[in-house]
Amino acid sequence: MNIEQKLSHKTIEAFQSLYGHTIDAIAFEKTNPIFVGDLTLVVFNFLKISKKKPEETATEIGNYLKANVAEVSDFNVIKGFLNIVIADSFWLNYFKDIYGKPFINHTLPENAPTVMVEYASPNTNKPLHLGHVRNILLGYSVSKILSAAGNKVVKTSVVNDRGIHICKSMIAWKKFGNGETPESSGMKGDHLVGKYYVAFDKHYKSEIESLKNKGIGEEEAKANAPLMKEAQDMLRKWEANDKDVRELWTIMNGWVYEGFAESYKTLGVDFDSTYYESNTYLLGKEIIDSGLAKGILKTREDKSIFIDLTSDGLDEKTLLRSDGTSVYMTQDLGTALLRNQEVNFEKMIYTVGNEQDYHFKVLFLILKKMGYAWADGLFHLSYGMVELPEGKMKSREGTVVDADDLMKVMIDTAAATTKELGKVEGLTEDEAAHLFQTIGLGALKYFMLKVDPKKKMLFNPAESIDFNGNTAPFIQFNYVRIQALLRKSIEGWNFEDQAIFTPNIPLLPKEKELIIKLYNFNATLSQAAAEFSPALIANYVYDLAKEFSQYYHETPILKEERKDLILFRLQLAKTIGIAIKSSIGLLGIEVPERM
RNA sequence: GAUCCCAUAGCUCAGCUGGAUAGAGCAACGGUUUUCUAAACCGUAGGCCUUUGGUUCGAAUCCAAAUGGGAUCACCA
């Protein structure tokens, strides 16, 4: 039982004993820093029960708690606010309990619930871009958070490897590629395929123009341009399993996968499973049949099948076209069912942009209406678009901010800044490269994850590569500073061997604050897991690092004269280091040992 | 036309399960180092929390409407 629960419990007891009234729940909140105290109870709501003035009620409760709860050392009352002071010895004992223990328990209990997290979900006709980066970082971080919170997490991805888009790249490559390969060109595979996607677009547009010059209307020109005809023809051949088309498709997708793998590796993310739409696009018929049998789905006169959601405030949604082929929704229904059969998840998180809010609302509703119990565990982790400042980064037709370019810029900037600060001395080339990557990617990841997922975010290239203030490098720097402190201390004496704890040392206000921050780790983790929000972790770890930074400046540690204080401060610093590493690790960010 | 999301300092964002004087970072200005590594710390300045109404002892926070911004409403994915 934690201290809040104990206090709540005792407060309920107090109401019973003082006023003969039973209350269900009591919530303490953090005391506003401008007042003395750690936890505060607002008593306005209970005046009807006490039938006394706010001050009087608060004082009576305060007296009861002070007398009956050992940890309560004092209290004060201001208007209807009862501020409770928790004894330093409680915090010191708490610190003693957690010292040397990991913040995150990596061994899961037998009965840990299984959660599937989907993210990335790229198309195979072009490289990853800025939008994918936010998606991937969010999904990966949520996976880590859920895992740390005691779930068995299965990271998964759906690859959109079929359709007109990849046929466009294939056609363009056949016509203009002259057999170019990643090996022959030295280009990353996904970029090579993307290049032909852009080439298709360019030639397609000029075809449209020339048709329009012949007096053909825009719509007709778009539909009848020879290149588009060829792409559509290729898609039909693909669906008919044409040997040549399938072969080229396999080769070009293979290039893209190699490219993606490299990007994922640099980004430091991975997956436990991958679903390919070429395998799943026909799924969902099973659900359709069962839905028809249950009378949930209906057939129109033209044989198309739909579900009527108008009573739920939504529209009619078609699930099978009149020619019997399936649509996006059908495929998602089928994939959800397949995944549930395969991994038997309790929760399934879809990391997909908010432009698909409606799609997922409908998807989940249909599955619920179909009676699948697991449909209640489905969640759309919806995130806002990444916007760019106007006029920037739009120079190249057909490309937005490329993920690989972006990572390179971040790493290069980290290298330049590190060198400028003269911090590369004594590092081997490999060590330096790893450091630049840790800092550069850390900055990028933190920049994207510190913002509430559902909000759209502005990506300003100039500001995002800032390494000062509320950034990952600042947090990493504080971790590094702690490590330096620990290294220095070992030269003089081994504090580890003297882990004798003195619970009656004087605790500085900042030290108490830091211990409370450590104490809050578990609550923050639970909340982040419940809300699927890496931003909460980002805020937590920044606060912790900032508090430590202030503490470090105002408090001597190794220069302190009392040995027991040196010991305690080193132990505190060490524990904060572990907390920083654990927390920021939940964002997929590493910490260097030196920087 | 309908539905959904967003609106807090010049900029980027916290705070939103109602509480006491709304917080950070960046940018601006001024300080701190013969060092437990300054990618740091301290200070100054900067706010009608979009507007209007409602609920409440109490509203940035909850409700309603308005305004502004974004998204969605295919037998596309």
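Naming convention: chains lettered A, B, ... in sequence-line order (proteins, then strands); numbering from 1 in each chain.
- A/I439 comes within contact range of at least one nucleobase, with a heavy-atom separation under 4.0 Å.
- At the heavy-atom level, A/V42 lies under 4.0 Å from base atoms of the strands shown.
- At a cut-off of 3.5 angstrom, the base of B/A20 holds at least one donor-acceptor pair with the side chain of A/N83.
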Using atom names, set out every protein N or O paired with an N or O of nucleotides 56-64 of chain B below 3.5 Å, distance rounded to 0.1 Å.
residue: B/C57; atom: N4; partner: A/N45; partner atom: OD1; Å: 3.3

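- Summarising the geometry, the separation between CD on A/E29 and P on B/A20 is reported as 8 Å, rounded to the nearest angstrom.
- Remark: A/K450 is not in phosphate contact with B/U12, judged by side-chain N or O atoms under 4.0 Å from OP1 or OP2.
- Between B/C4 and A/K361, no contact under 4.0 Å exists linking OP1 or OP2 to a side-chain N or O.
- When each of B/A71, B/U37, B/U12 is scored by its nearest atom to the side-chain atoms of A/L458, the top-ranked nucleotide is B/U12.
- One C1' atom belongs to B/U72, the other to B/G58, and the distance between them is 39 Å to the nearest Å.
- Within the 4.0 angstrom heavy-atom criterion, no nucleotide atom of any strand lies near A/T471.
- B/C49 and B/A59 have their P atoms separated by 13 Å, with the value rounded to a whole Å.
- A donor and an acceptor atom, one from each side chain of A/T318 and A/S304, are nowhere located under 3.5 Å apart.
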Show your working on salt bridge (Lys or Arg N to Asp or Glu O under 4.0 Å) between A/R569 and A/E511 and close with a plain yes or no.
CA-CA 9 Å; A/R569 287 172 188 176; A/E511 290 169 341; 3.0 Å; yes

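- Stacking is found between A/F81 and the pyrimidine-like six-membered ring of the B/A20 base under the 5.5 Å centre-distance and 30° plane-angle cut-offs.
- Candidate nucleotides B/A20, B/A71, B/A39 were compared by shortest atom distance to the side chain of A/E355, and B/A71 ranks first.
- For A/K454, whose side chain is taken as the heavy atoms from C-beta onward, the closest listed nucleotide among B/C26, B/C6, B/A20 is B/C6.
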Tabulated below should be each protein N or O lying under 3.5 Å from an N or O of nucleotides 74-77 of chain B; please produce it.
residue: B/C75; atom: OP2; partner: A/T318; partner atom: OG1; Å: 3.3
residue: B/C75; atom: O3'; partner: A/R321; partner atom: NE; Å: 3.1
residue: B/C75; atom: O2; partner: A/S322; partner atom: N; Å: 2.9
residue: B/C75; atom: O2; partner: A/S322; partner atom: OG; Å: 3.3
residue: B/C75; atom: N3; partner: A/S322; partner atom: OG; Å: 3.4
residue: B/C75; atom: N4; partner: A/D302; partner atom: OD1; Å: 3.3
residue: B/C75; atom: N4; partner: A/D302; partner atom: OD2; Å: 2.1
residue: B/C75; atom: N4; partner: A/S304; partner atom: OG; Å: 3.2
residue: B/C76; atom: OP2; partner: A/R321; partner atom: NE; Å: 2.3
residue: B/C76; atom: OP2; partner: A/R321; partner atom: NH2; Å: 2.2
residue: B/A77; atom: OP1; partner: A/R321; partner atom: NH2; Å: 3.2
residue: B/A77; atom: OP2; partner: A/Y328; partner atom: N; Å: 2.9
residue: B/A77; atom: O3'; partner: A/E277; partner atom: OE1; Å: 3.0
residue: B/A77; atom: O2'; partner: A/N160; partner atom: ND2; Å: 2.9

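- If you take atom C1' in B/U52 and the same atom in B/A60, they sit 16 Å apart, rounded to whole Å.
- A/N354 and A/Y383 are not linked by any side-chain donor-acceptor pair at a separation below 3.5 angstrom, with hydrogens and angles left out of the test.
- Applying the side chain to side chain contact (heavy atoms under 4.5 Å, CB included) test between A/L41 and each of A/I26, A/N83, A/I84 identifies A/I26 as the sole match.
- Here the options are A/F467, A/F548, A/Y542, the test is ring-ring contact (aromatic ring centres under 6.0 Å, His included), and the partner is A/F474; only A/Y542 passes.
- Side-chain contact check for A/Q356 and A/Y328: at least one donor-acceptor pair (N or O, by modelled atom type) lies under 3.5 Å.
- The same atom, C1', is picked in B/A9 and in B/A14; the two are 13 Å apart, to the nearest Å.
- Remark: A/N470 is not in phosphate contact with B/U12, judged by side-chain N or O atoms under 4.0 Å from OP1 or OP2.
- If you check every strand for non-hydrogen atoms under 4.0 Å, A/T418 touches a base.
- Residues A/M385 and A/R134 share a closest heavy-atom pair of O-NH1, 3.9 Å.
- The separation between A/M457 atom CE and B/A7 atom P is 15 Å, rounded to whole Å.
- Looking at A/Q550 and A/E554, their side chains never bring a donor and an acceptor atom within 3.5 Å of each other.
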Derivation of the salt bridge (Lys or Arg N to Asp or Glu O under 4.0 Å) call for A/E431 and A/R594
CA-CA 10 Å; A/E431 285 169 344; A/R594 293 165 199 261; over 6 Å; no

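- A salt bridge between A/E547 and A/K510 is present, with a side-chain N of the basic residue lying under 4.0 Å from a carboxylate O of the acidic one.
- For A/Q550, the listed nucleotide lying nearest its side chain is B/C41; candidates were B/C41, B/A20, B/C13.
- Within the cation-pi definition used here (under 6.0 Å to the ring centroid, within 45° of the axis), A/R300 qualifies as a partner of A/F306.
- Distance CZ (A/F467) to C1' (B/C26): 15 Å, rounded to an integer number of Å.
- Rounded to whole Å, atom P of B/G15 lies 15 Å from atom CG of A/N520.
- Contact between the side-chain N/O atoms of A/R481 and the OP1/OP2 oxygens of B/A38 is found at a separation under 4.0 Å.
- Nucleotides B/G15 and B/G54 are separated by 24 Å at their C1' atoms, to the nearest Å.
- Applying the 3.5 Å distance criterion, the base of B/A71 shares no donor-acceptor pair with the side chain of A/K456.
- A/I34 places its CD1 atom 13 Å from the C1' atom of B/G23, with the value rounded to the nearest Å.
- B/C62 sits 31 Å from B/G10 when the C1' atoms are compared, rounded to a whole Å.
- Spacing of C1' atoms, B/U12 relative to B/A27, comes out at 11 Å, to the nearest Å.
- Rounded to a whole angstrom, the distance from the P atom of B/A28 to that of B/U33 is 22 Å.
- Considering only side-chain N and O atoms, A/K79 lies nowhere under 4.0 angstrom from the phosphate OP1 or OP2 of B/G19.
- The nearest whole Å value for the distance from the CG atom in A/L314 to the P atom in B/U3 is 12 Å.
- Nearest heavy atom pair, residue A/S169 against residue A/Y197, reads OG-CB, 3.2 Å.
- In this pair, A/F474 does not lay its aromatic ring on the base of B/A40; centres under 5.5 Å and planes under 30 degrees do not both hold.
- Straight-line distance from the CG atom of A/N354 to the C1' atom of B/U72: 9 Å, rounded to whole Å.
- Using modelled atom types, no side-chain atom of A/D452 and backbone atom of A/K455 make a donor-acceptor pair closer than 3.5 Å.
- A straight line from OH of A/Y542 to P of B/U12 spans 18 Å, rounded to a whole angstrom.
- Helical stems in RNA chain B, defined as runs of 3 or more consecutive Watson-Crick or G-U wobble pairs with donor-acceptor distances under 3.5 Å: B:1-7 with B:67-73, B:10-13 with B:23-26, B:28-32 with B:40-44, B:50-54 with B:62-66.
- The pair A/R162-A/E239 counts as a salt bridge, with a side-chain nitrogen and a carboxylate oxygen less than 4.0 angstrom apart.
- Between A/P556 and A/S549, the residue anchored nearer the 5' end of RNA chain B, judged by the nucleotide with its closest heavy atom, is A/P556.
- In this structure, a donor-acceptor pair under 3.5 Å is present between the side chains of A/D161 and A/S278.
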